[in-house]
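Notes for the one structure printed next.
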Amino acid sequence: MALRFYNTLTQRLEEFRPLDGETVRMYTCGPTVYHYVHIGNFRTFSFQDVLRRVLRMRGWKLHHVMNITDVDDKIIRNAVAEGKSLKEYTERFTQAFLEDAAKLRLERPEKLVFATEHIPDMVAAIQRLAEKRHTYESEGSTYFRIASFPEYGKLSHTNFSGNVAGARVDVDEYEKADARDFVLWKARKPGEPYWDTPLGAGRPGWHIECSVMAMQYLGETIDLHAGGEDLIFPHHECEIAQSESLTGKPFANTWIHTRFLQVDGEKMSKSKGNFYTVRDLVDGDRVDPLALRYALITVPYGKPLNFTRQTLRDAAQNVDRFRECARLADAAKARGAKGASAGFAESLRQLADEMLEAMCDDLNTSVALAKALGGTSVIFKAGDSMTAEDAPAALAFLDEVQALLGIVRPEHGAVQAPSAPQVDEERIEALIAERAAAKKARDFARADAIRAQLDAEGIELRDTPEGTHWRFKTTP
RNA sequence: GGCGUCGUACCCAAGUGGUUAAGGGAAGGGUCUGCAAAACCCUCAUUCGGCGGUUCGAAUCCGCCCGGCGCCUCCA
């Protein structure tokens, strides 16, 4: 079963193999920590997470580096406005990003790297570019001369010969020799943070950090580079120009780009301000984080995802099926009934195989999720007749879904959403016990009153053969 | 203007030359249940934006048209 991805560079579906046949060296562009990261960003990060899982399941080791951009115009503007140092300002949002990522069950990349911790490396790289005559200086800033890199445009498949018709050119940047040239090192501006370096006082341009950190930790040619579709141009194009001018070798073999997430049919962007963050939804609206994760991966990365409240509701329904299945399997194990149901384990085995196969086919999460849900149908059909011999197959299936898609179990293994508010669990258990007693005494009015009371508090009761379970209602 | 992408049921969505067009949600009916929820069963596109063409055969290939969206500017 070949593993295939759509490579932006070649515009083809290609079989993927790491260069050394063993370890996948991948670099992904992480967030710029000037604000809480929105769910559009997290669509991209969720796909990268699922990509990691597939690669690992194929038996490869991972060396994944993700950068955190902790110096840029917006960060500086906001930090200055709040009278904080860069570090003070960015630490808070970096931390928030990591917390949100954990809620969505995103695995930590093997290495997180920060731009501000690599200033001397970037300066050295710019100096080497200067030696190779790829740069020029203007008004204290250093620019990359695009004319020195004929292949510029090969990733975005843009032909830059002649005029860039219709392209909007930043009129402020009159100091550039060519509109396509980009800044490697920005001259210090009054009142802004800066570094004193041989290039002069200033700070790095945006693109150089990724080239430098990727090559420093992963080598001159990496297997896989990924990011959002907006990064194709100019960011990744510039990374290629810098890196390949420096080494003369291909910077990355495979480029994977995620299409944008939209909200209610409209583009979501920080500048428009119509964005949701994980904490808005999970902490604020009490959305099940697994449902959010599910929603973010329902549509494969190559197609735009229109995120709506309905998307979230659909996802929440499906995520619940996995939880219920896990409960059924645990109950079957506890009951200890003998024998194996005909075809049960085999059906699940096959669905699990088909699920992985779908993921290997350019990360087709839609099909993979359909297979995973097919497994829940098999498990539900067995239902209470599931035996103790069947249970391990069911649990193994759920484990595989979890390992590949991460939508079965929340962080702490709890049945209720991790964002659940603090409640007095003893009191709830006492009420459940009281209700059980009322039911036994056929005092259904009292039993229903207890159900209604808890329901009003956002707690749902579910009667099962193993007793009454409770959980928080989620909002979608 | 350049580059790209998509248009499948009420909604989301798979399928990209050949059995009955996956799967999920919603909706309606039924089983089960003191109630509730869940689950299970049944129903839910003779048809894939439109019009032509290629082919024994197309949602799938080609052409034109219509419409959506994205990038080209900070942006995942």
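Within every chain, numbering begins at 1; the chains are lettered A, B, ... in the order of the sequence lines, protein sequences first and strands thereafter. For clarity, every value in this text was computed on a predicted model and none was experimentally measured.
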Report each atom pair, protein N/O against N/O of nucleotides 33-35 of chain B, whose distance is under 3.5 angstrom.
from: G34(B); atom 1: N1; to: D448(A); atom 2: OD1; distance (Å): 3.0
from: G34(B); atom 1: N2; to: D448(A); atom 2: OD1; distance (Å): 2.9
from: G34(B); atom 1: N2; to: D448(A); atom 2: OD2; distance (Å): 2.4
from: C35(B); atom 1: O2; to: D448(A); atom 2: OD1; distance (Å): 3.3
from: C35(B); atom 1: O2; to: R451(A); atom 2: NE; distance (Å): 3.2
from: C35(B); atom 1: N3; to: R451(A); atom 2: NH2; distance (Å): 2.8
from: C35(B); atom 1: N4; to: D463(A); atom 2: OD2; distance (Å): 2.3

Are there any protein N/O atoms within less than 3.5 Å of an N/O atom in nucleotides 58-60 of chain B, and if so, which ones and at what distance?
none

Polar atoms only, N or O, under 3.5 Å: list the protein pairs with nucleotides 3-12 of chain B and their distances.
from: U5(B); atom 1: O2'; to: R259(A); atom 2: NH1; distance (Å): 3.0

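RNA chain B lies under 4.0 Å from at least one heavy atom of each of the following residues of residues 364-373 of chain A: N364(A), S366(A), V367(A), A370(A), L373(A). RNA chain B is contacted by G227(A), G228(A), E229(A), D230(A), L231(A), F233(A) of residues 223-240 of chain A, taking any non-hydrogen atom closer than 4.0 Å.
Every residue two or more places apart in sequence or in another chain that forms a ring pair (Phe, Tyr, Trp, His ring centres under 6.0 Å) with H235(A) is listed here: W206(A), H207(A). Under the rule for a salt bridge (Lys or Arg N to Asp or Glu O under 4.0 Å), R145(A) has no partner lying at least two apart in sequence or in another chain. Every ring pair (Phe, Tyr, Trp, His ring centres under 6.0 Å) that F233(A) has, sequence neighbours left out, goes to F160(A). Taking K333(A) as the reference, nothing meets the salt bridge (Lys or Arg N to Asp or Glu O under 4.0 Å) condition, with sequence neighbours excluded.
Screening residues 33-42 of chain A for salt bridge (Lys or Arg N to Asp or Glu O under 4.0 Å) gives no qualifying pairs among residues at least two apart or on separate chains. Under the side chain to side chain donor-acceptor pair (under 3.5 Å) criterion, the residue pairs touching residues 378-387 of chain A are T387(A)-D390(A), with sequence neighbours excluded. Listed by first and then second residue, the salt bridge (Lys or Arg N to Asp or Glu O under 4.0 Å) pairs involving residues 34-47 of chain A amount to none (not counting sequence neighbours).
The side chain of W470(A) places no N or O atom within less than 4.0 Å of a non-bridging phosphate oxygen (OP1 or OP2) of A37(B).
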